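No experiment lies behind these values; they were computed from the predicted model shown.
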Amino acid sequence: MEITTRNLFRLLRAGVLGRQEAVEPMSAWKWSRVYGLSMVHDVEAETWAGIGLLKDQFFMRLPNALRQQWEQSAANARPAPRTPLTPRLAKRLERLEDEADRPADATLSVLRSMVTLSQSLLTADRWVRQLLSLATLLSPPATHHTPPRIDREQLEEWLGELDMERMAQLECVLLMHLLHIDEKRLPIMLKLSEEQQQEKVEEIVATIEATTHQWQFSQGSKIFVHNSSSSAMYWQARHSVRYLKYHPKESLSSFFNSFVQSLTKIEE
């Protein structure tokens with residue numbers, strides 16, 4: 001995992017979960033990359049909060065211009081739009097919600113969050129932000145409410161009905177390794193070896209800069225380079241193949257949806 005990614009998640013654990021984290025020394029250019037990642041995943045405010053909490057550390061040395069830009073971005077941050085579910089998945093989730101004995105139950109809230117995170121991972125749409133949302137449900141900061149009681153047996157049954165067992169395992173690995181959520185607070189029991197967990201983390205974080213949201217940035221941002229819709233389409237195809245082993249049907253649905261959208265943009 002690159003140092004920019006490690007420090008990104010240190011800032012997030014500090015800013016969102018209230019953890020004290022020791023940042024690693026970085027050059028001004030690498031700090032700008034962390035800022036760029038925060039923009040791509042719509043977590044400028046959360047990372048800025050982390051900077052505020054860790055500001056007295058010796059290695060927390062950001063260029064003044066970048067610090068001001070980051071602060072301004074955090075002040076102007078707006079809630080990110082929710083990742084839309086595919087019609088098939090939305091319908092199946094709605095059926096489970098209708099059948100639930102207690103619609104406001106914490107277990108159902110966690111399920112909704114896991115489904116949204118799954119879709120964000122499949123579509124490469126600001127998944128870091130969705131991972132944070134799930135983490136705060138499972139392990140809220142000390143100043144907030146206590147962690148919810150989750151019916152693991154019921155949750156696993158619902159995940160099975162949504163064909164999300166393998167995707168749920170991946171999500172739990174990301175929660176534990178990237179946001180340091182205690183294994184006891186994970187929504188389901190991990191069934192992967194330490195070696196398998198590390199492999200999955202490296203596989204996902206290796207593409208953290210390559211998100212659907214990235215294609216919206218222009219070259220003028222000086223952070224990432226804009227690509228054509230056709231390039232984005234081919235990238236999405238490769239991305240969907242990566243997730244076939246985790247959620248086969250939804251991976252294919254996400255790819256075909258992206259394919260249609262890309263064709264529309266190319267025609268425009």
> Which heavy atom of R152 sits nearest a heavy atom of P187, and at what distance?
Replying inline: CG-O, 3.1 Å
> Would you call the rings of W31 and W70 parallel, tilted or perpendicular if under 30° counts as parallel and over 60° as perpendicular?
Replying inline: perpendicular
> Which atom pair, heavy atoms only, marks the closest approach of S139 to L17?
Replying inline: O-CD2, 3.5 Å
> Under a 4.5 Å cut-off applied to non-hydrogen side-chain atoms, are Q119 and V115 in contact?
Replying inline: no
> Which heavy atom in E46 sits nearest to a heavy atom in L132, and how many Å separate them?
Replying inline: CG-CD1, 4.3 Å
> Judged by modelled atom types alone, do T4 and R33 share a side-chain donor-acceptor pair under 3.5 Å?
Replying inline: no
> Between L37 and V128, is any pair of side-chain heavy atoms under 4.5 Å apart?
Replying inline: no
>> Once side-chain hydrogen bond (donor to acceptor under 3.5 Å, both in side chains) is applied, what residue pairs with a partner in residues 16-27 remain, sequence neighbours excluded?
In response: R6-E24, R10-E24, R13-E21
>> To the closest 0.5 Å, what do you measure between SG (C172) and NZ (K191)?
In response: 10.5 Å
>> Walk me through whether H177 and V205 qualify under side-chain contact (heavy atoms from CB on, under 4.5 Å).
In response: CA-CA 11 Å; H177 288 269; V205 299; over 6 Å; no
> How would you list, by chain and number, every residue that makes a salt bridge (Lys or Arg N to Asp or Glu O under 4.0 Å) with E99, sequence neighbours excluded?
Replying inline: R95
> Are the charged groups of R126 and D42 less than 4.0 angstrom apart, N to O?
Replying inline: yes
>> V43 vs V16, test: side-chain contact (heavy atoms from CB on, under 4.5 Å). Steps then yes/no.
In response: CA-CA 10 Å; V43 290; V16 177; over 6 Å; no
> With Q198, which of E195, E194, Q196, K200 fulfils side chain to side chain donor-acceptor pair (under 3.5 Å)?
Replying inline: E194
> How close do L53 and A14 get, heavy atom to heavy atom, and via which atoms?
Replying inline: CD2-O, 3.4 Å
>> With heavy-atom distances below 4.5 Å as the criterion, would you say the side chains of E203 and E199 are in contact?
In response: no
> With a 4.5 Å heavy-atom cut-off, do V34 and T47 have their side chains touching?
Replying inline: no
> Given side chains that start at C-beta, do those of V173 and I204 come closer than 4.5 Å, heavy atoms only?
Replying inline: no
> Can E2 and K30 be counted as an ion pair, charged N to O under 4.0 angstrom?
Replying inline: no
>> Are the side chains of I208 and L8 in contact, using a 4.5 Å heavy-atom criterion?
In response: yes
>> If we check side chain to side chain contact (heavy atoms under 4.5 Å, CB included) with L117, which of these qualifies: R112, E171, R129?
In response: E171
>> Do F58 and I3 land in one hydrophobic cluster if side-chain heavy atoms of ILVMFWY residues count as linked below 4.5 Å?
In response: yes
>> For Q68, give me all partners under side chain to side chain contact (heavy atoms under 4.5 Å, CB included), at least two apart in sequence or on another chain.
In response: none
